[in-house]
There are 2 protein chains.
Amino acid sequence: MSIRTTMADVARESGVSLMTVSRVINGKVDVSEDTRQRVLEVIDRLDYRPSGIARSLATRRTGTIGLVMPDVSNPFFSDVARGVTTAAYREDYNVFLCSSEEDSHRELDLLHSLEEKRIDGLILCSSRLADEVLAAALANFPSAVLVNRRWRETGVGTVLADDETGARMLVAHLLHSGRRRIGLLAGPPMSHSGSARLRGYQRALATAGFSCEDALVQPCAPVVNGGLDAALTLLAAQPQIDALFCYNDLVAVGALQACARLGRRVPDDVAVAGFDDIPLAALMTPALTTCRVPRYELGVRATEVLLTQIDGRPGECCEVVVPVEMVVRASAP
Amino acid sequence: MSIRTTMADVARESGVSLMTVSRVINGKVDVSEDTRQRVLEVIDRLDYRPSGIARSLATRRTGTIGLVMPDVSNPFFSDVARGVTTAAYREDYNVFLCSSEEDSHRELDLLHSLEEKRIDGLILCSSRLADEVLAAALANFPSAVLVNRRWRETGVGTVLADDETGARMLVAHLLHSGRRRIGLLAGPPMSHSGSARLRGYQRALATAGFSCEDALVQPCAPVVNGGLDAALTLLAAQPQIDALFCYNDLVAVGALQACARLGRRVPDDVAVAGFDDIPLAALMTPALTTCRVPRYELGVRATEVLLTQIDGRPGECCEVVVPVEMVVRASAP
DNA sequence: AGGGGTTTCGTTAACGCTAACATAATTATA
DNA sequence: TATAATTATGTTAGCGTTAACGAAACCCCT
């Protein structure tokens, strides 16, 4: 494969001009059936594959989108990634995957690299960037969709799960089952899920006529070890806690481990609820009560919104909110 | 961001030629400190970002690699993906992610799309393609590394886990603990792990002086439901089975579910062993005995081999085998 | 038969960079 | 001091496509 065959080769070989070959490849109509067949035969024989690079330079479109997320190996994001790649594949787009490893400096760096690659659009998940930095970065992309981050500016699409409702349902459920000291292991405040789940927690308590104490809210990294550490800290400081509402299922798994280590029975002494309903949730012992977030669909919707934007019809429906569903299992019956 | 600023803008604005700007950007030495500073200042002021597309066309390198895998949301592959993106980021490469969803037609289609994108190299994980189809596809890439697939042809890198050794250790462990009728839930035969784990199973039995019965080997899709179905089938057909060696941890989880459904106690009636040691494995009840495969490292090594190849020094060390480690837990003590 | 419309194809000039060579200005060497 | 070597910059010609325009050949109608 040392030297690639080019369109000129195909043109020469089939005795037509460059443009005719180009037209055949792009399915333009003004080519006679005769020459079309002849050119296609040559293309096939030479195993010619057009250069997307050259085409991109000429058309100013790359057929490429960027996907940036804090951690591909987090089951939440890997499901989103699957949705994005699948929806992109359907429309003949390729996807640049970038995993920022929860590092906002790296996130910005990755965005710059995508800029140079001239992607047609960006899907940015759970950005950890501050508002003004994010605004500046987004301005350099022809179009963009944010997943799990609320954004006022027009021209930027937004796809969110209905986190607040989910959180309210879960906390209401905990209250309904008699829990009165509900701790919160809170997630990244920059993300929509982080702030909306906190808000849902607060509102559910307020609605039921309970006060919301800061001492019951513990910040927490959104992974198993984050949940373990935070739960150990919180349970030590507030031993009277009888329920833990966790930012996500991974954190809830950590909380389960903390309870085991402290000899607190789940759900008898402490009820535990997670969020997202990743596959793990149903498999834990006790199985996790949680809230199902359609992660794959989140990725698909984000891609659809983005491609719509790319195709020039932006405007309407720029903020998609997908519903969630409470799933009651043994950890908080 | 409607119309992008180009190198010509920077050149005009700073009163130098295109080449001087190009030299500054690419860190070439033959530019005086004076002009370098002046050009850099203009670049910064105009927020200029060079077009990777144009550069790629001129240099015939894209700074891009392709990553193709059967399923991004499988925790095994999402860890590999994290390794690849991280190693690529270090060397300023971007990664095209393609998830074939276990569909070989789609896999081939994705490879073609990557060809048009003119990637500098390909990392193909657990390809489901037949040998001759794969050979034809690989011929069109400047360089390639296969993960989890043995490949004879020179010029193609290969990264494998030492699956056979791992399988032998696990099966030997099962035998050592007194199990005598060990069923195998076998994985994709096209992949190295599929065939090598089968071989390890057979050899371990042979070494211990036991015969290997075909009736104890059940083909199985490499996911939880595949394991559930296959284990139900196998345990029904061969009720005397006292251990299940599973292709991977997801399959093992399915096997656990099957045992529960059939009222077989684990590990008392049936011991269950998985493979890979995905995070889930340690969290199951009972926790899974398994074999740790360094998935992240697999991705990193694959990328390093690939980038070495791209940089022109191929040859040596084209087949990397990474060691695995047995992890004994409650499901097969 | 001549004007206007289709169809089908070709020519030219970008797209935004860099490789390779050319040139001018400076410094070192004999 | 003349010449060669060095440093700093510019010029030209691609890289492999497509957009935009143009032109020939054919058809239809009056």
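Side-chain atoms are counted along with the backbone in the values below, which use heavy atoms only and exclude waters and symmetry mates. In what follows, chains carry the letters A, B, and so on, assigned in the order in which the sequence lines appear, proteins first and then strands, with residues in each chain numbered from 1.
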Can you tell me which nucleotide in [options] comes closest to the side chain of [X]?
X: A/Thr6; options: C/dC17, C/dC9, D/dT17; result: D/dT17
X: A/Ala58; options: C/dC15, D/dG10, C/dG10; result: C/dC15
X: A/Ala54; options: D/dG16, D/dT11, C/dC9; result: D/dG16
X: B/Met19; options: C/dA20, D/dT9, D/dG16; result: C/dA20
X: B/Val31; options: C/dG10, D/dT18, D/dT9; result: D/dT9

Exercise for review: For the residue pair B/Val80 and B/Tyr296, establish whether any side-chain heavy-atom pair is separated by less than 4.5 Å.
Suggested key: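 A side-chain contact under 4.5 Å is absent here.
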Between atom [atom1] in [X] and atom [atom2] in [N], what is the gap in whole Å?
X: A/Arg61; N: C/dG16; atom1: CZ; atom2: C1'; answer: 18 Å
X: B/Arg38; N: D/dA8; atom1: CZ; atom2: P; answer: 14 Å
X: B/Asp34; N: D/dT9; atom1: CG; atom2: P; answer: 8 Å
X: A/Glu33; N: C/dT7; atom1: CD; atom2: P; answer: 15 Å
X: A/Arg55; N: D/dG16; atom1: CZ; atom2: P; answer: 14 Å
X: A/Lys28; N: D/dA19; atom1: NZ; atom2: P; answer: 5 Å
X: B/Met7; N: D/dG10; atom1: CE; atom2: P; answer: 12 Å
X: A/Asp30; N: D/dT18; atom1: CG; atom2: C1'; answer: 14 Å

Check whether any side-chain nitrogen or oxygen of [X] sits under 4.0 Å from OP1 or OP2 of [N], and answer yes or no.
X: B/Ser51; N: C/dG16; value: no
X: A/Ser22; N: D/dT18; value: yes
X: B/Tyr48; N: C/dG16; value: no
X: A/Thr35; N: C/dT8; value: no
X: B/Thr59; N: D/dC15; value: no
X: B/Arg60; N: D/dG16; value: yes

Check your understanding: Heavy atoms under 4.0 Å, any strand shown: does A/Leu18 hit a base, just sugar-phosphate, or nothing?
Key ->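 Answer is base: heavy atoms of A/Leu18 come under 4.0 Å of a base.
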Review point. Which part of the nucleic acid, if any, lies within contact of B/Ser56, taking any heavy atom under 4.0 Å across all strands shown: a base, the sugar-phosphate backbone alone, or nothing?
Key: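 Counting heavy atoms under 4.0 Å across all strands, no contact is made by B/Ser56.
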Residue pair [X] / [Y], side-chain donor-acceptor N/O under 3.5 Å:
X: B/Arg128; Y: B/Ser104; result: no
X: B/Ser127; Y: B/Glu107; result: yes
X: A/Asp34; Y: A/Ser32; result: no

**Study point:** Pairwise 5' ranking along DNA chain C for B/Asn26 and A/Arg36, keeping only the more 5' one
**Key:**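 Nearest-nucleotide comparison on DNA chain C picks A/Arg36.
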Point to revise | base_contact_polar (D/dG10 base, B/Arg23 side chain, donor-acceptor, <3.5 Å) | key: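 Result: at least one qualifying N/O pair found.
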Exercise for review: Only one of B/Val300, B/Asp79, B/Val147, B/Val322 passes side chain to side chain contact (heavy atoms under 4.5 Å, CB included) with B/Arg295; say which it is.
Suggested key: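 Among the candidates, only B/Asp79 passes.
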Point to revise | Passing option when B/Thr85 is tested against A/Ser99, A/Ser73, A/Cys98 for side chain to side chain contact (heavy atoms under 4.5 Å, CB included) | key: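 Exactly one option meets the side chain to side chain contact (heavy atoms under 4.5 Å, CB included) with B/Thr85, and it is A/Ser99.
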